[in-house]
Asks: 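Okay, here's the structure, questions in a sec.
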Amino acid sequence: MRDDPRLWWQHGVLYQIYPRSYQDANGDGVGDLEGIRQRLEHLQWLGVDAIWLSPFQPSPMADFGYDVADYCGVDPLFGTLDDFDRLLADAHARGLRVTLDWVPNHSSDQHPWFVESRAARTSPKRDWYVWRDGRGDGPPNNWVSVFGGPAWEHDAATDQWYLHSFLREQPDLEWRNPELVRAMHEVLRFWLERGADGFRIDVVHRIAKDPELRDNPPNPGGGTGYGGQLHVHDENHPDVHALLRGLRAVLDEYPERMMVGEVYLFDPAEVARYYGRGDELHLAFNFSFLRCPWDAAAFRAEVERFEALCPPEGWPTWVLSNHDVPRHASRYDDPELGDARARVAAMMLLTLRGTPYLYAGEEIGMRNVTIAPERMQDPLARTLHPALSRDGERTPMRWDADAPACGFTPVRPDATTADPWLPLGPQPPGTDVAAQRRDRRSLLWLYRDLLALRRTHPALHRGQWRALDAPDGVFAYERRSGHQVARVALNFGARPARVALGGGDVATGLHTRPGATLPTRADFADLGPAEGLVLVLR
Ligand code: NOJ
């Protein structure tokens, strides 16, 4: 049976690009849309199905694009709408779909909507944002910003407070206002009409809050700042689900489009509700792996938990890295093992049931870079703490270590190159695309091989999942679609392990250790520390 193209977002693999850091084409040290277009060949060679572009819309860049000043444009730093159209057309010609980041919870304080809203209490756009009188001299309630300090900013001119769940430059939009809802639906249509294949929706669980804006209760577990409260009133209000059905109806006006929500809740039961009855999100990010230690039992527990909770209309997602958390090659780094753990992690991510999201650079094992305080760019370094800066996971892509700035920024006609917006930093030798493409045993080739295996075997891209018994330290499972069966064993432990695989003749498969030979029978797998194996049976 052939795959249904409408389900590309279930069967395919998505790849996140942080536009500032992928490829600079115009030589200003910041990545751009034309740069991404020039690198589509890499993505096609790798074998991903779709990309997700972090925001490229006009923005004062207080939060590097997550503060949007015009939802329907392109920031000059990244190019023009024509550049976007060219990128989209070329991606489509190569069989790659393109999804966009859409930031509905808040805009920039420079967005014309907010400028108008702020101008007067009587402004027609006043209620497009959340304005309230203070309580005495203080803010309207006790909510705190995710990025530190109170979530309210006083506006002296109109003597009211506006809500900002993030920076004060990111005022929250009022989704209880039908005019705002209609305007935002038009934003989606603008990009869908241009041919965008879908959206990643920023902090979608925050667009509905308690209408009475009640105080959050303290966290009985203690803590200070954001962690010192239980977030029962400032996010995840049940009314979010009606808003999601409205968004879904807009997406459904167009064929084969999808939306994935950043549901930054670590309760998988809550995340699972964002699929509705198949009439809300197509996908909801499950970030549970971001908090998993390097431990087979921990990963198995997270997978089993979500498999049990995921509604029949839903479909899991799996993420190891993104632009907000330290890269997993660093989180799980064991210098004695080289990239062995990154290989096991890749095999797991690409063989589970669910849509994997890759983060640019993970295919070459990029590590986090330690950024000197004076070069830090992320506002969190200022509003929270330098140790919480996200710059380390946002450094430029490493294309070719033999080229200036690893090929991230071009050599100008006068033979100079721009200083990249973040330093490339030290990385283990061979952490670049050119070197790894030359080396058939590299991590990059393993990603490519895993993607190809997954694509050509329905058991791997759409089959059922069940855990297999395995010794301590090993995570083993089976995928099955019709008569096709694949079995996977991943040794997270520090000792060799023998895993029973249930028998059967092996048709094909992959081992994480370069040069390892595959068994011809799936009876047992003998795995060294940080080794994994996937076998597709005959
Ligand atoms: C989540 C995004 O991933 C993050 O980068 C951003 O700072 C916040 N949402 C606010 O938009």
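Order of listing sets the numbers, starting from 1, for every ligand and every atom in it.
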Asks: Distance from His164 atom NE2 to Phe147 atom CZ, nearest 0.5 Å?
Replies: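 Between atom NE2 of His164 and atom CZ of Phe147 there are 11.5 Å.
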Asks: List every atom of ligand 1 that sits less than 4.0 Å from any heavy atom of Arg390, numbering the atoms from 1 in the order shown and giving each element.
Replies: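 Counting atoms of ligand 1 from 1, those under 4.0 Å from Arg390 are 4 (C), 5 (O), 6 (C), 7 (O).
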Asks: Show which atoms of ligand 1 fall inside a sub-4.0 Å distance from at least one heavy-atom site of Asp324.
Replies: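 Those atoms are 1 (C), 2 (C), 3 (O), 4 (C), 5 (O).
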Asks: What I want to find out is whether Asp324 reaches Arg394 closely enough, with some N-O distance under 4.0 Å, to be called a salt bridge.
Replies: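 Here Asp324 pairs with Arg394 in a salt bridge, since their nearest N and O are under 4.0 Å apart.
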Asks: Look at ligand 1 and say whether Arg206 reaches it with a heavy atom at a distance under 4.0 Å.
Replies: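 It does not, in that no heavy atom of Arg206 comes within the 4.0 Å cut-off of ligand 1.
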Asks: Quick one: does Arg200 get a heavy atom under 4.0 Å from ligand 1?
Replies: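 Distance cut 4.0 Å: Arg200 passes for ligand 1.
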Asks: Determine whether the side chains of Gln16 and His323 contain a donor N or O and an acceptor N or O closer than 3.5 Å.
Replies: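 Yes, a side-chain donor-acceptor pair sits under 3.5 Å.
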Asks: Which atoms of ligand 1 sit under 4.0 Å from any heavy atom of His106?
Replies: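 So the atoms of ligand 1 that pass are 10 (C), 11 (O).
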Asks: Determine, using heavy atoms of Phe147 and all atoms of ligand 1, whether some pair is separated by less than 4.0 Å.
Replies: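 The answer is yes, since Phe147 has a heavy atom less than 4.0 Å from ligand 1.
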Asks: Should the pair Asp378-Arg390 be classified as a salt bridge under the 4.0 Å nitrogen-to-oxygen rule?
Replies: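 So Asp378 pairs with Arg390 through a salt bridge.
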Asks: Ignoring hydrogens, just give me the one of Asp202, Leu380, Asp378, Val103 whose non-hydrogen atom is nearest atom 9 (N) of ligand 1.
Replies: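 The nearest heavy atom belongs to Asp202.
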Asks: Evaluate the salt bridge (Lys or Arg N to Asp or Glu O under 4.0 Å) criterion for residues Arg375 and Asp391: first the C-alpha distance (whole Å), next the side-chain angles of each, then the deciding distance (0.1 Å), finally the verdict.
Replies: CA-CA 9 Å; Arg375 288 220 54 187; Asp391 294 324; over 6 Å; no
Asks: Starting from atom 7 (O) of ligand 1, locate the nearest protein heavy atom and write down its residue, its atom name and how far away it is, to 0.1 Å.
Replies: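 Its nearest protein heavy-atom neighbour is Asp63 OD2, 2.5 Å.
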Asks: Check Lys125 with Glu179, please: is the shortest side-chain N to carboxylate O separation under 4.0 Å?
Replies: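 Result for this pair is no, no salt bridge flagged.
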Asks: Give the atom numbers and elements of ligand 1 that come within less than 4.0 Å of a heavy atom of Arg394.
Replies: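 It comes down to these atoms of ligand 1: 5 (O).
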Asks: Is it true that Asp70 and Gln57 share a donor-acceptor pair across their side chains at a distance under 3.5 Å?
Replies: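 Absent: no donor and acceptor within the cut-off.
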Asks: Would you mind listing which atoms of ligand 1 come within a distance below 4.0 Å of any non-hydrogen atom of Glu262?
Replies: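 Contacts of ligand 1 toward Glu262, numbered from 1: 1 (C), 3 (O), 9 (N).
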